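These numbers were taken from a predicted model, which means no experiment stands behind them. Residue numbering restarts at 1 for every chain, and letters A, B, ... go by the order of the sequence lines. Every heavy atom of this structure was used, including side-chain atoms; hydrogens, water molecules and symmetry mates were not.
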Amino acid sequence: MNAPLHEWNLLPKDAIALQKQLAKQLELADRIDPVAHIAGMDIGFEDDGATTRAAVVLLKWDPAPAPDLTVVEQIVHREPTRMPYVPGLLSFREIPAALGAFEKLSIMPELIMVDGQGIAHPRRLGIAAHLGLWLDLPTIGIAKSRLYGKYAEVGEARGDWVPLRAGNDTIGAVLRSRAKVKPVFVSPGHRISLETSLDWVMRCLGRTKLPEPTRLADRLASRRGQRTKQLQDSLF
DNA sequence: GCGACAG
DNA sequence: ATCTTGTCGC
């Protein structure tokens, strides 16, 4: 599964054409193996953007006796940044480093939660969808802000959600993952439906806005998250 | 033509 | 995304 450079270093027009082709291969019906492990993935940058830092956190999922998630592995993988950020083409900038991190994982998960959009994208190929296709694994996109789609106001209670739509299609959901806090944008990536995506996000929610897999990956990928963790650890 | 625009 | 302390609120 080595990623040839030509697959990622594309001119915008070619990247856009490729997205349209790949989107046709997405499966939006559930095709998920029994879930034993869930991974969270996020990207951060260092050296003023010169280095891309991919973080993957692997959690063990225990449904009984009480739903529980336990961290079993954490990977941080660094690579030189190869593309600038272009709205709509995020996956070409971040996936290469993400793949490097997944290759270092000793166990592959049955489900991946990605920081970013799934199909809630102008060409239905957000980073979660693109990664799901490449790894051939179920993926869910959980973004902290909107890239594409229209939506009505969401209720204030935790668990309330409204559809995120584009034309006549529902491409995701705007979910109030925590009472009175800005909602998150959930959209299926690959091999999963929106309903199941929402179920998993709710099941992985602690008392924070982001579900555990993405929250932990976020912390591992970001500078401030590392500093905060070290500070907390030093306080025992 | 004028905004909007994941991370 | 990143630069960054304290501070307001549940």
Side-chain angles (χ1 to χ4, degrees), chain A residues 8 12 15-16 19 22-23 26 40-56 76-99 101 112-133 139-151 156-158 164-167 171-190 197 201 206-211 213-215 217-232 235:
Chain A
W8 307 105
I16 287 171
Q19 289 181 323
L22 292 175
L26 291 174
M41 192 283 281
D42 189 24
I43 301 291
F45 295 89
E46 301 175 349
D47 312 325
D48 288 307
T51 301
T52 299
R53 167 180 174 144
V56 172
V76 171
H77 173 78
R78 276 167 251 250
E79 276 188 22
T81 299
R82 57 175 81 192
M83 307 227 83
Y85 166 66
V86 177
L89 300 180
L90 180 70
S91 62
F92 293 89
R93 168 174 163 89
E94 303 192 342
I95 286 187
L99 294 177
I112 301 172
M113 301 200 357
V114 180
D115 189 290
Q117 315 289 349
I119 60 169
H121 176 282
R123 290 166 295 281
R124 307 296 186 276
L125 201 83
I127 186 168
H130 201 162
L131 182 68
L133 271 182
T139 52
I140 301 171
I142 297 102
K144 295 181 289 299
S145 63
R146 185 202 73 101
L147 167 67
Y148 194 71
K150 301 178 183 301
Y151 60 99
E156 295 284 278
R158 172 192 165 111
L164 177 61
R165 47 182 64 165
I171 56 176
V174 182
L175 171 71
R176 187 78 68 182
S177 51
R178 182 178 177 176
K180 299 178 181 177
V181 172
K182 292 195 55 169
V184 293
F185 297 75
V186 177
S187 58
H190 183 47
S197 296
V201 169
R207 26 189 165 165
T208 49
K209 160 180 173 172
L210 294 176
T214 336
R215 185 182 72 81
D218 221 295
R219 193 186 63 174
L220 194 59
S222 79
R223 271 294 189 199
R224 91 174 215 179
Q226 284 305 96
R227 289 202 307 269
T228 301
K229 187 186 190 311
Q230 287 172 9
L231 201 60
Q232 292 172 342
L235 296 176

> How is the base pairing of DNA chain B summarised as a dot-bracket string, given the Watson-Crick and G-U wobble criteria with both distances under 3.5 Å, [ ] for crossing and | for another strand?
Replying inline: .......
> Taking only Watson-Crick and G-U wobble pairs with both distances under 3.5 Å, what dot-bracket line describes DNA chain C, where [ ] shows pairs that cross earlier ones and | shows pairs with another strand?
Replying inline: ..........
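Boundaries of the chain A contact region on DNA chain B are B/dA4 to B/dG7, first to last in 5' to 3' order (nucleotide atom under 4.0 Å from a heavy atom).
A/G126 comes within contact range of at least one nucleobase, with a heavy-atom separation under 4.0 Å. Across all strands, A/D48 comes closer than 4.0 Å to no nucleic acid atom at all (heavy-atom distances). As judged by a 4.0 angstrom heavy-atom cut-off over every strand, A/R93 is placed among the base-contacting residues.
Counting heavy atoms from C-beta outward, A/I142 and A/D115 have side chains that stay 4.5 Å or more apart.
Within the structure, every pair that satisfies the salt bridge (charged side-chain N to carboxylate O under 4.0 Å, His left out) test and touches residues 172-183 of chain A, not counting sequence neighbours, is listed here: A/E156-A/R176.
Considering only residues two or more places apart in sequence or on other chains, A/L89 meets the side-chain contact (heavy atoms from CB on, under 4.5 Å) condition with A/P12, A/A15, A/I16, A/Q19, A/V86, A/F92, A/R123. Shown here are the side-chain contact (heavy atoms from CB on, under 4.5 Å) partners of A/A101, two or more places apart in sequence or in another chain: A/A54, A/V56, A/I75, A/H77. Annotation: side-chain contact (heavy atoms from CB on, under 4.5 Å) contacts of A/T208 (sequence neighbours excluded): A/E212, A/R215. A/H130 pairs by the side-chain hydrogen bond (donor to acceptor under 3.5 Å, both in side chains) definition with A/S91, not counting sequence neighbours. Looking at residues two or more places apart in sequence or on another chain, you find no side-chain hydrogen bond (donor to acceptor under 3.5 Å, both in side chains) involving A/S197. By the side-chain contact (heavy atoms from CB on, under 4.5 Å) test, A/R146 is found to be paired with A/Y151, A/F185, residues two or more places apart in sequence or in another chain being considered.
Between A/D47 atom CG and C/dT2 atom C1' the separation is 12 Å, expressed in whole Å.
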So which protein N/O to nucleotides 8-10 of chain C N/O distances come out below 3.5 Å?
none

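Contacts between residues 84-92 of chain A and DNA chain B, counted as heavy-atom distances below 4.0 Å, involve A/Y85, A/P87, A/G88, A/L89, A/L90.
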